[in-house]
Chemist: 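Take a look at the following structure, please.
All of these numbers come straight from a predicted model, not from anything done at the bench. Proteins come first, then strands; the chains are lettered A, B, ... in the order of their sequence lines, and each starts at number 1.
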Amino acid sequence: MDGTQIVKRQLENGLTVVLREVHQAPVASFWLWYRVGSRNEVPGRTGASHWVEHMLFKGTPTFPKGTIDRLISREGGVSNAMTWIDWTTYFATLPADRIELALRIEADRMVNALFDPDEVEAERTVIISERQGSENNPRFRLAEAIQAIAFRVHPYHHMVIGDMADLKTMSRDDLYRHYRAYYVPNNAVAVAVGDFDGEAMLGQIEALFGSIPPGPVPPPPRREEPPPDGERRVILQGEGTTAYVDLSIRAPRALDPDYFPMIVLDAVMVGSGGLGMGGTTTNHTTRLYRRLVEGELATAVYGGITPTLDPYLGGYGATVRTGHTPEEVEAAIWAEIERVKQEPISEEEFAKALKQARAQFAYSSESVTSQARWLGFAEMMDSYEWFFTYLDRLAQVTAEDVRRVAQTYFDRRNLIVGWYVPEERRDDGR
Amino acid sequence: MADSWRSLPGPENVARYELENGIVLLVRENDTSPSVVITGSLLVGAVDEPAEQAGLAAFTAACLDRGTERRSFEQIYEEVESIGAAIHVAGGGHVTHFVGKSLAEDLPRILDVLADLVRHPTFPEEQVEKVRGEILTALAERANNTQAMAALAFQEVAYPPDHPYSRSARGYPETIQRLRREDLVRFYREGYGPRGMIVAVVGAVQAETVRSQIEAAFGDWEGGGFRRDGLPEAPPPTEVRRKVVPMPGKVQSDIVLGVPGPPRTHPDFLTASLANTIFGVFGMYGRLGRNVRDEQGLAYYAFSRLDGGMGPGPWRVIAGVHPTNVRRTVESIRQEIRRMRDEPIPAEELEDNKAYITGSLPLRLETNEGVAGALIEMERYGLGLDYLRRYPDLIRAITAEEIQQVVRRWLDPDAFALGIAGPPEEAS
């Protein structure tokens, strides 16, 4: 896909609409994105954005609890929602002749979600259970500890799910206020991709969303993280027999010119992933895999930056191979970082990173769901053009740029080192 | 709008070829994006390994990409990753799969690599040791994962000890330690071959071109395949069989509750799959989700799954709950099983579920991987290339009475296998 087939409009109430007709299969995908996530939360109400997302499935007068999933399912559709640090999104993919249902649901619950107090309480235990399921995983606990020491001031300090203290105490009204503040058309982007007529789709969206009044959106978070002034370390101890090591850095945000050289650096070190946005390919020819996994110090290496609105985290991690230590793994990762700071990367490594990015773009356009997701995601960062100029901007990166960002961001003052170290436990637990 | 019927894979848009050595090739041309997926399914897996060598099939498959007569591990992945492609080989229960994904223009290169590693692996000694270490670390991680340990505990009590399904296909630290390179080489030599092999290629390619490429890559391969005498019986449980894995330091317990289910080719399978959708899938997890998650707020996930497959794969419920809620959750699951047995599914609920299963077909077939999976399934189970066209009618014909009968045959609120893994306070 390319940018020429995109229609972008703004309704009078400020709702941004992005459309693309695709006629290969009789399906369509509709996504509604809000510029709200854990980034917009303060202590006492951490986890509010994610909880609000759950509550949007708990009923409006028109679509009582349980009916949204049921209506989508019986039309043969799939739907879900996701909350991230910078955004919250709701989507449904349906047979194309039924896509209007998704539009009606989203227009309705932008305004009319009930937040019934009983439902809020029932969902409290579900979300606590969701969090406890994550806490069973050592890597979640390590990630949480790293974020907490990487960001003292900025709200990237806490996880999207929120702190247990807040999940236990947040009130129905806290959640409802959060919902009313951010769920307004001028804070949202609607994306539709699929087998429909663009003009007709625009008309439908206008008819359903056009009358929703805009509202004052709270300003973006102003608590900028002060510049890092020294390496930080956290060592977690816990159950199991496997250790994990993570060398994180405070990374450039998506719109920073350094973002693209960082993407190339990550591709060389640990693999291209999915353009820093999920998706999987192998990384067996990367520098860290060769040094750590081929070198039998670790069984997996991973990491890299992800596109975010404010500077978030990048860096690399590894699963320590049984019989080896976090010290050895940390030293090996750092040695590879030192190397890439000294010598420019090769032509071959460059060419590989570019070809991988090109292939990822091809894969991402296989389904209308994936296309709509990418367009909306790019809108959250900037504009859909961000997505379509991605390959060009990657191609403009030079080996010197890559070395410069390695030196700048992998300065030890900008480093956050985390270890998860298994400890022997007695059988009576903690 | 695109014609919904014609867009589904069917006899007139899927090319089917039989090679002389027994390989069946299925090709679906799809120009939506300039990419292609190739999937192969070989009739070799964990059911072919003895109990004391649990994990042998998976270990063997994991070594295929570690070096061939023509390429080292580094060369294989340099070739694959330098073109933005991905390959993957995995040994399962009855079959071993290989998958390649690339830009359409690179299919010949990916095919050359895949054929090389499936046909000419050399199992270099030092690479075998590397893989062994990776598997052992993965098994150590598994031992610290409540979901995986609950699933393992379930398998052990759901199937008789002599049944391969009672064992982990990934193996155990003791069995993986014991396996020698010669064991892998022998397993490969005796088990791998074109007999029963199915290949599906989906993407921006031409069927006839693909046919000659596959012919060139695999046409002169011979032999292979273990003799399979059928699996031991997996009788339904006659009581509650429980196994608890205490895991200190965890905050949540995982539950796996179920029975050996109908194989994919069993006459009950399709009805059971509709029953399963009603029970623990539809909307947000069907009746289970409504009861356990929506009404009681006990769990973030509580759903059911029917495996099907070539043998009596499990029909099971999977849920993660606070340790103090394990008992209540198990009771709720039993209550929903009872309701499925005692009361016919109300007409509207039945219609909703049928509409979901049939209506979501195009969505499940949106990606090249999705289509390739469907093609392999149609061929492996002899469903016919017109199966997806017949499927909506097959589903629509199922009655509430038939569902009730099938549930009564397979699910019993007083007889099931139960695996629990979590904080030790529940271990008592």
Side-chain angles (χ1 to χ4, degrees), chain A residues 23-27 57 65-66 69-70 73-78 93 95-97 122-126 129-130 132-133 135-136 138 195 238-242 280-282 284-285 294 296 299 319 321-322 348 351-352 355-360 362-363 365-369 425 427-430, chain B residues 1-4 7 32-35 73-74 77-78 80-87 101-103 130 133-134 136-138 140-141 143-144 146 246-252 282-284 290 293-295 297-300 320-322 352 355-356 358-363 366-368 423-424:
Chain A
H23 297 288
Q24 267 90 354
V27 292
F57 290 86
K65 173 189 169 187
D69 288 327
R70 178 173 156 255
S73 289
R74 79 169 182 197
E75 299 297 356
V78 293
T93 303
D97 55 354
E123 206 57 21
R124 187 190 303 279
T125 51
V126 169
S129 168
E130 183 178 355
Q132 288 172 330
E135 288 174 4
N136 269 4
D195 188 21
E239 75 286 358
T241 54
T242 311
T280 47
T281 54
T282 53
H284 298 345
T285 61
E294 281 287 284
E296 300 190 31
T299 60
T319 305
R321 184 168 161 139
T322 304
E348 293 73 36
K352 193 197 296 180
K355 173 95 186 206
Q356 287 174 344
R358 211 184 113 215
Q360 293 290 333
Y363 306 153
S365 58
E366 269 180 34
S367 76
V368 294
T369 310
R425 276 178 180 277
D427 270 352
D428 58 359
R430 24 187 84 210
Chain B
M1 291 202 184
D3 179 337
S4 83
S7 79
T32 310
S33 98
S35 61
F73 174 70
E74 290 77 13
Y77 280 98
E78 198 55 59
V80 170
E81 292 179 6
S82 68
I83 55 173
I87 60 167
K101 184 172 174 93
S102 71
L103 292 174
K130 266 179 201 165
E134 287 171 23
L136 288 172
T137 301
E141 288 187 283
N144 190 29
T146 49
M247 296 176 68
K250 298 299 183 190
V251 287
Q252 176 162 283
F282 181 83
M284 183 69 95
R290 219 171 313 149
R293 177 174 160 144
D294 280 0
E295 282 161 23
L298 291 177
Y300 175 57
V321 300
H322 192 268
D352 282 355
Y356 166 61
T358 56
S360 60
L361 206 52
L363 257 54
E366 229 198 323
T367 61
N368 290 336

Chemist: Return yes if some donor-acceptor pair links the side-chain N/O of A:Asn136 with the main-chain N/O of B:Val251 below 3.5 Å, else return no.
Modeler: yes

Chemist: Taking all non-hydrogen atoms of both residues, which atom of B:Ala140 and which atom of A:Thr241 are closest, and how far apart?
Modeler: CB-OG1, 3.3 Å

Chemist: Please state whether the side chain, the backbone, both or neither of B:Ile87 comes within less than 4.5 Å of a heavy atom of chain A.
Modeler: backbone

Chemist: Do you know which of B:Ser82, B:Ser35, B:Gly359 has the most heavy-atom pairs under 4.5 Å to chain A?
Modeler: B:Ser82

Chemist: For A:Glu294, does its backbone N or O pair with a side-chain atom of B:Lys130 as donor and acceptor, under 3.5 Å?
Modeler: yes

Chemist: With a 4.5 angstrom heavy-atom cut-off, could you sort out which part of B:Ala143 is near chain A: side chain, backbone, both or neither?
Modeler: neither

Chemist: For chain A, which of B:His322, B:Glu141, B:Met284 has the most heavy-atom pairs under 4.5 Å?
Modeler: B:Glu141

Chemist: Look at A:Val368, A:Thr285, A:Thr369, A:Thr322 and state which one has the largest set of heavy-atom pairs under 4.5 Å with chain B.
Modeler: A:Thr285

Chemist: Does any heavy atom of chain A fall under 4.5 Å from the side chain of B:Thr367, the backbone, both, or neither of them?
Modeler: both

Chemist: Using non-hydrogen atoms and a 4.5 Å limit, figure out which bit of A:Val27 sits close to chain B: side chain, backbone, both or neither.
Modeler: side chain

Chemist: In terms of heavy-atom pairs under 4.5 Å with chain B, which of A:Arg74, A:Glu348, A:Lys65 leads?
Modeler: A:Arg74

Chemist: Would you mind telling me which of A:Glu130, A:Lys352, A:Glu123, A:Glu75 has the largest number of heavy-atom pairs within less than 4.5 Å of chain B?
Modeler: A:Glu130

Chemist: Looking at A:Thr299 and B:Glu134, would you say the former's side chain and the latter's main chain have a donor-acceptor pair under 3.5 Å?
Modeler: no

Chemist: Looking at B:Gly320, B:Gly133, B:Pro34, which makes the most heavy-atom pairs under 4.5 Å with chain A?
Modeler: B:Gly133

Chemist: Among A:Glu239, A:Glu135, A:Gln132, whose side-chain hydrogen bond (donor to acceptor under 3.5 Å, both in side chains) with B:Lys250 holds?
Modeler: A:Glu239

Chemist: Is chain B contacted by the side chain of A:Glu296, its backbone, both, or neither, given a heavy-atom distance below 4.5 Å?
Modeler: side chain

Chemist: If we ignore hydrogens and angles and just use 3.5 Å, is the side chain of B:Ser33 paired with the main-chain N or O of A:Tyr363 as donor and acceptor?
Modeler: no

Chemist: Any side-chain to backbone donor/acceptor pair from A:Gln356 onto B:Glu81? Under 3.5 Å, distance only.
Modeler: yes

Chemist: Heavy-atom pairs under 4.5 Å with chain A: which of B:Leu103, B:Leu136, B:Val80 has the most?
Modeler: B:Leu103

Chemist: Between chain B and each of A:Ser367, A:Gly77, A:Ala351, A:Gly66, count heavy-atom pairs under 4.5 Å; write down the option with the most.
Modeler: A:Ser367

Chemist: Contact part of A:Thr319 toward chain B, heavy-atom cut-off under 4.5 Å: side chain, backbone, both or neither?
Modeler: side chain

Chemist: Please look at A:Thr242 and chain B and tell me whether the side chain, the backbone, both or neither of the residue comes under 4.5 angstrom of a heavy atom of that chain.
Modeler: side chain

Chemist: Which heavy atom of B:Asn144 sits nearest to which heavy atom of A:Pro138, and what is that distance?
Modeler: ND2-CG, 3.4 Å

